[in-house]
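Shown next, in structure tokens, is the structure this report addresses.
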Amino acid sequence: MVCMGVAMMMRDQTIALGLLVPFFFLVSPLLELVPVLQRLAVYLPDRAGQVAIRLHARPIDAFGPVTGLAVLALWAAAAVLGAWWVLRRRDA
């Protein structure tokens with residue numbers, strides 16, 4: 001849903017993938033290496049999704065699987081609402 005929302009906002013799937021793939025695979029892991037941003041990086045959609053599907057909790061996890069799923073759902077809702085807003089504004 002996050003990718004679909006971003007693709008609708010960008011109006012092009014290629015641009016959306018060009019933004020999201022580096023964000024999920026490069027930016028997010030790099031943010032975890034910065035001590036100041038480490039507490040915020042766990043709330044990014046890829047990290048929250050990893051916590052949501054993990055079978056066993058790790059001591060370094062900031063929250064449990066249900067909270068991780070809720071954080072991921074909030075990111076998806078924000079992307080879909082953003083896509084709806086852009087669609088209404090641009091194509092109305």
Side-chain angles (χ1 to χ4, degrees):
M1 295 299 285
V2 174
C3 296
M4 180 194 69
V6 172
M8 290 224 15
M9 283 187 263
M10 297 293 147
R11 281 192 170 184
D12 190 12
Q13 295 172 351
T14 308
I15 294 172
L17 285 174
L19 289 172
L20 291 175
V21 168
F23 178 74
F24 288 147
F25 293 113
L26 295 175
V27 174
S28 180
L30 289 176
L31 287 179
E32 281 192 338
L33 298 175
V34 179
V36 177
L37 300 174
Q38 196 171 23
R39 305 261 310 147
L40 295 175
V42 296
Y43 293 103
L44 292 174
D46 59 329
R47 299 297 174 202
Q50 286 177 2
V51 171
I53 63 170
R54 196 170 289 134
L55 291 176
H56 303 287
R58 297 182 314 176
I60 61 171
D61 289 339
F63 45 79
V66 175
T67 308
L69 189 60
V71 169
L72 189 59
L74 285 174
W75 277 100
V80 170
L81 284 174
W84 175 80
W85 182 74
V86 167
L87 182 68
R88 296 275 304 179
R89 190 148 206 245
R90 193 170 33 201
D91 296 336

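Numbers here simply count residues along the sequence, with the first being 1.
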**Item:** CD-CE distance between Q13 and M4, expressed to the nearest 0.5 angstrom
**Value:** 11.5 Å
**Asked** Is it the case that one hydrophobic cluster holds both L44 and V66, taking links as side-chain heavy atoms less than 4.5 Å apart, direct or via other members?
**Response** no
**Fill in**
Sorted by chain and number, sequence neighbours left out, side chain to side chain contact (heavy atoms under 4.5 Å, CB included) with L19 holds for M10, I15
**For L40, all residues meeting side chain to side chain contact (heavy atoms under 4.5 Å, CB included), sequence neighbours excluded** = L37
**Prompt:** Taking only residues at least two apart or on different chains, which pairs with a member in residues 77-86 satisfy side chain to side chain donor-acceptor pair (under 3.5 Å)?
**Reply:** none
**Request:** Please identify each residue that fulfils side chain to side chain contact (heavy atoms under 4.5 Å, CB included) with A76, with sequence neighbours left out.
**Result:** M1, V2
Please set out all donor-acceptor pairs under 3.5 angstrom arising from side-chain atoms of residues 25-32, sequence neighbours excluded.
from	atom 1	to	atom 2	distance (Å)
S28	OG	D46	OD1	3.1
S28	OG	D46	OD2	3.0
S28	OG	R47	NE	3.4
E32	OE2	R47	NE	3.4

**Message:** With heavy-atom distances below 4.5 Å as the criterion, would you say the side chains of L20 and V6 are in contact?
**Reply:** yes
**Fill in**
Heavy-atom nearest pair, P45 first then L72, reads O-CD1, 3.3 Å
**Request:** Quick one: which residue pairs count as a salt bridge (charged side-chain N to carboxylate O under 4.0 Å, His left out) with a foot in residues 20-29, not counting sequence neighbours?
**Result:** none
**Request:** Using ring pair (Phe, Tyr, Trp, His ring centres under 6.0 Å) as the criterion, list what pairs up with F63, not counting sequence neighbours.
**Result:** Y43
**Item:** Nearest heavy-atom neighbours spanning A16 and A7
**Value:** CB-CA, 3.6 Å
**Asked** Side-chain contact, heavy-atom cut-off 4.5 Å: V86 with M8?
**Response** no
**Fill in**
The complete set of salt bridge (charged side-chain N to carboxylate O under 4.0 Å, His left out) pairs with one or both residues in residues 13-22, sequence neighbours excluded, reads none
**salt bridge (charged side-chain N to carboxylate O under 4.0 Å, His left out) pairs, two or more places apart, involving residues 7-17** = R11-D91
**Message:** Can you list everything that forms a side chain to side chain contact (heavy atoms under 4.5 Å, CB included) with A52? Sequence neighbours excluded, please.
**Reply:** L69
